[in-house]
Amino acid sequence: MMRILQKLLIIIVFVAFSCSTENAIEITKNQENQIVSIDKKVAKRSGLKTIGTGVMMQAFYWDVPAGGTWWENVEDKVQDWSNAGIDAIWLPPVSKAQNGPFSMGYDPFDYFDFGEYDQMGSVETRFGSKTELLSLINSAHNVNLSVIADIVINHNSGGELEPNPYTGTPYYTDFNPLSGKFYRSNADFHPNNVRQSDSGVFGGYPDLSHSQPYVQDWLWKKPESVAKYYMNEIGFDGWRFDYVKGFEPWVVKEWKNEVGGFSVGEYWDGNAATLDWWSSQAEVSAFDFACYYRMLDAFEGNNLNRLNDDMLLKRNPRKAVTFVANHDTDEIFNGKMLAYAYIMTHEGYPTVFYQDYEEWLNKERLNNLIWIHNNLAGGSTNVLYTDTDEYIAKRNGHNNDGLIVYINNSNSWKERWVETNWSSKRIKDYTGHSGWQPVTQSGKWVKIEVPPKSYSVWSTK
């Protein structure tokens with residue numbers, strides 16, 4: 001009951017005061033746990049870690065608990081995540097969707113309802129209220145974390161049925177959101193008077209037409225657009241674009257050029273050349289599905305030679321966002337920690353999946369790999385050895401001494417002589433899986449080892 005009363009008070013104060021991007025949300029309570037002051041504003045962003053220098057946390061999974069508590073759950077964790085070396089958190093779509101309190105946000109209805117209007121069956125979203133969202137973003141900024149918004153602009157859901165003069169068949173394209181922003185009708189979807197279609201539709205949902213000037217204005221151009229409101233008023237620092245196969249790359253490029261911020265697209269394709277093409281056209285990063293599927297082949301298919309194959313991180317490492325699992329794809333079960341050892345020691349911007357970190361895998365081991373990524377994994381890569389069970393690669397260092405990673409997918413200990421970049425240097429395994437601390441020969445060769453179904457990461461002591 002107390003929590004409900006507190007929420008009602010927060011909502012009342014929220015309605016009474018406008019949003020600003022200059023100051024932090026400050027919520028203080030007296031000893032009786034009564035709220036005595038609320039300053040609902042978005043935190044300053046000075047001092048944020050540079051996105052891409054650490055590791056991204058995907059701060060949700062499919063069907064997180066409903067009931068409006070998720071923003072509070074994530075807020076409780078941001079300090080620990082920042083301490084571990086995370087530099088940004090990726091949130092699920094934050095606006096009200098057709099499925100209301102049960103939606104994961106990928107069926108967007110009102111882009112400007114963050115849990116404050118009674119529509120689609122609820123006031124709050126599945127994740128919580130607008131006040132709680134702002135509090136979470138404030139807390140993330142206060143511990144130097146950037147916050148990435150999941151943007152769904154290919155399709156909409158929840159509109160009313162209306163006549164369609166372009167098809168002669170009525171369709172659900174009459175959108176009248178209670179926020180009073182971005183009303184939509186049949187002309188704003190395909191087909192219309194401008195275009196019959198774009199590059200893709202999703203699930204029969206009304207397909208937004210980005211060629212319409214009105215749609216462009218509301219999505220990214222006008223001062224009160226989705227992009228500018230999310231960044232300037234809500235406090236987001238970057239963008240994850242959902243289902244970018246559904247529209248042309250220029251859409252993401254124009255959004256990014258208009259408002260800035262880190263941007264990454266979900267172009268779900270295992271072909272590295274295709275990912276490189278899309279990333280180059282959109283001029284933003286892309287999730288490296290080529291890397292994901294090669295790791296699936298390597299660790300589930302028990303053939304580490306597949307790690308030699310083409311990936312976006314090998315073609316354009318500055319644009320590759322790597323991952324082992326996400327809310328749509330979680331197929332690597334055998335050797336999942338080995339897969340994390342791969343992405344944390346190679347080029348690209350690695351992502352940690354919430355359930356892997358908080359529930360399923362060894363958090364201490366993941367924190368160790370995050371530290372290795374942030375402190376040792378610099379420079380170009382040379383693959384030193386591969387076979388079905390073993391993979392050894394060398395990072396050559398950039399403002400550090402680099403590393404050598406040894407991945408073993410067999411059931412027995414392995415050891416090999418490798419050529420390092422270090423002459424007459426004592427080295428150690430920074431994972432702690434091996435107790436060896438050998439000295440490299442003057443010719444830079446040294447013998448290293450790795451336990452079964454495990455990995456070791458070597459660098460100078």
Side-chain angles (χ1 to χ4, degrees), residues 51-52 56 58 90 148 150-151 153-154 197-202 210 238-257 262-332 338-340 342-351 353 373 377 379-384 386 388 391 393-396 398 405 407:
I51 297 179
M56 184 197 305
Q58 180 178 352
W90 157 26
I148 297 172
D150 202 320
I151 298 297
I153 56 173
N154 174 73
S197 64
D198 57 6
S199 58
V201 297
F202 182 81
H210 304 92
W239 321 101
R240 180 265 184 188
F241 291 93
D242 180 68
Y243 192 64
V244 296
K245 279 189 174 182
F247 47 91
E248 289 84 359
W250 65 263
V251 174
V252 172
K253 179 180 176 180
E254 286 205 11
W255 177 301
K256 181 262 302 181
N257 288 344
F262 172 82
S263 299
V264 56
E266 182 214 25
Y267 197 98
W268 196 334
D269 196 296
N271 186 301
T274 302
L275 296 173
D276 193 23
W277 163 82
W278 183 87
S279 178
S280 298
Q281 292 294 308
E283 297 182 357
V284 301
S285 297
F287 284 102
D288 196 347
F289 280 91
C291 175
Y292 172 79
Y293 284 114
R294 300 302 82 75
M295 291 193 298
L296 183 64
D297 296 337
F299 298 113
E300 286 295 313
N302 296 310
N303 183 5
L304 299 195
N305 287 310
R306 296 308 302 272
L307 298 178
N308 286 321
D309 292 352
D310 201 6
M311 305 173 187
L312 181 59
L313 70 87
K314 298 178 181 181
R315 288 173 172 257
N316 194 347
R318 291 182 178 273
K319 297 298 186 183
V321 177
T322 54
F323 63 99
V324 174
N326 64 29
H327 61 292
D328 289 322
T329 56
D330 187 14
E331 304 161 284
I332 300 173
L338 277 62
Y340 273 110
Y342 181 82
I343 67 169
M344 293 293 182
T345 55
H346 284 67
E347 290 97 332
Y349 178 33
T351 306
F353 183 47
H373 171 269
S380 60
T381 298
N382 296 111
V383 176
L384 303 180
T386 63
T388 302
Y391 174 89
K394 175 175 64 175
R395 292 296 298 277
N396 292 304
H398 179 71
V405 56
I407 298 175

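Note that this is a predicted model, so its numbers are computed, not measured.
Residues passing the ring pair (Phe, Tyr, Trp, His ring centres under 6.0 Å) test with His373, sequence neighbours excluded: none. Under the salt bridge (charged side-chain N to carboxylate O under 4.0 Å, His left out) criterion, Arg395 pairs with no residue, sequence neighbours left out. For Tyr342, the side-chain hydrogen bond (donor to acceptor under 3.5 Å, both in side chains) test picks out no residue, with sequence neighbours left out. Applying the side-chain hydrogen bond (donor to acceptor under 3.5 Å, both in side chains) rule to His346 yields the partners Tyr391; only residues at least two apart in sequence or on another chain are considered. With sequence neighbours left out, the side-chain hydrogen bond (donor to acceptor under 3.5 Å, both in side chains) criterion links Asn396 to Ser380, Asn382, Asn421. Looking at residues two or more places apart in sequence or on another chain, you find a side-chain contact (heavy atoms from CB on, under 4.5 Å) between Thr388 and Asn303, Asn305. Not counting sequence neighbours, Trp239 has no partner by the side-chain hydrogen bond (donor to acceptor under 3.5 Å, both in side chains) test.
Pairs engaging residues 246-257 under the salt bridge (Lys or Arg N to Asp or Glu O under 4.0 Å) rule: Arg195-Glu248, Lys253-Glu283, Lys256-Glu283 [sequence neighbours left out]. Sorted by first and then second residue, the pairs that involve residues 321-330 and meet salt bridge (Lys or Arg N to Asp or Glu O under 4.0 Å), not counting sequence neighbours, are Asp330-Lys336. Sequence neighbours left out, the pairs with a member in residues 293-307 that pass salt bridge (Lys or Arg N to Asp or Glu O under 4.0 Å) are Arg294-Asp297, Asp297-Arg306, Arg306-Asp309. For the ring-ring contact (aromatic ring centres under 6.0 Å, His included) condition, the pairs that include at least one residue of residues 289-308, sequence neighbours left out, are Trp268-Phe289, Phe289-Phe323, Tyr292-Phe323.
Among all heavy-atom pairs drawn from Ala393 and Thr381, the shortest one is CB-CG2, 4.1 Å. The two residues Thr322 and Cys291 make their nearest non-hydrogen contact at CG2-SG, 4.3 Å. Ala290 and Asp310 get closest at one heavy-atom pair: CB-O, 4.0 Å. Taking both residues in full, the closest heavy atoms of Pro350 and Gly348 are given as CD-O, 3.3 Å, listed atom of the first, atom of the second, then distance.
Taking the centre of each ring, Phe247 and Phe241 stay at or above the 6.0 Å mark. Aromatic ring centres of Tyr349 and Trp90 lie farther apart than the 6.0 Å criterion allows.
Distance CD/Glu266 to OG1/Thr329: 8.5 Å, rounded to 0.5 Å. Taken from CD1 in Ile407 to OG1 in Thr386, the straight-line distance is 11.5 Å, to the nearest 0.5 Å. Rounding to the nearest 0.5 Å places CG of Asn308 at 5.5 Å from NZ of Lys314.
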Stepwise side-chain contact (heavy atoms from CB on, under 4.5 Å) test for Trp255 and Trp250: CA-CA 8 Å; Trp255 177 301; Trp250 65 263; over 6 Å; no
Donor-acceptor pairs under 3.5 angstrom involving side-chain atoms of residues 275-282: please list them, not counting sequence neighbours.
{"residue": "Ser279", "atom": "OG", "partner": "Val284", "partner atom": "O", "Å": "2.5"}
{"residue": "Ser280", "atom": "OG", "partner": "Asp276", "partner atom": "O", "Å": "2.8"}

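Between the His210 side chain and the Asn154 main chain, no donor and acceptor come within less than 3.5 Å of each other. Put simply, the side chain of Ser285 never gets that close to the backbone of Val321: no donor and acceptor are under 3.5 Å apart. Not one N or O on the side chain of Glu347 forms a donor-acceptor pair closer than 3.5 Å with the backbone of Leu313.
Side-chain contact between Asp150 and Asp242 is present, with at least one heavy-atom pair separated by less than 4.5 Å. Looking at Met295 and Leu307, their side chains come closer than 4.5 Å, going by heavy atoms from C-beta outward. Annotation: side chain of Thr351 is not in contact with side chain of Asn326 (no heavy-atom distance under 4.5 Å).
By the 4.0 Å N-to-carboxylate-O rule, Asp269 lies close enough to Lys245 to be salt-bridged with it.
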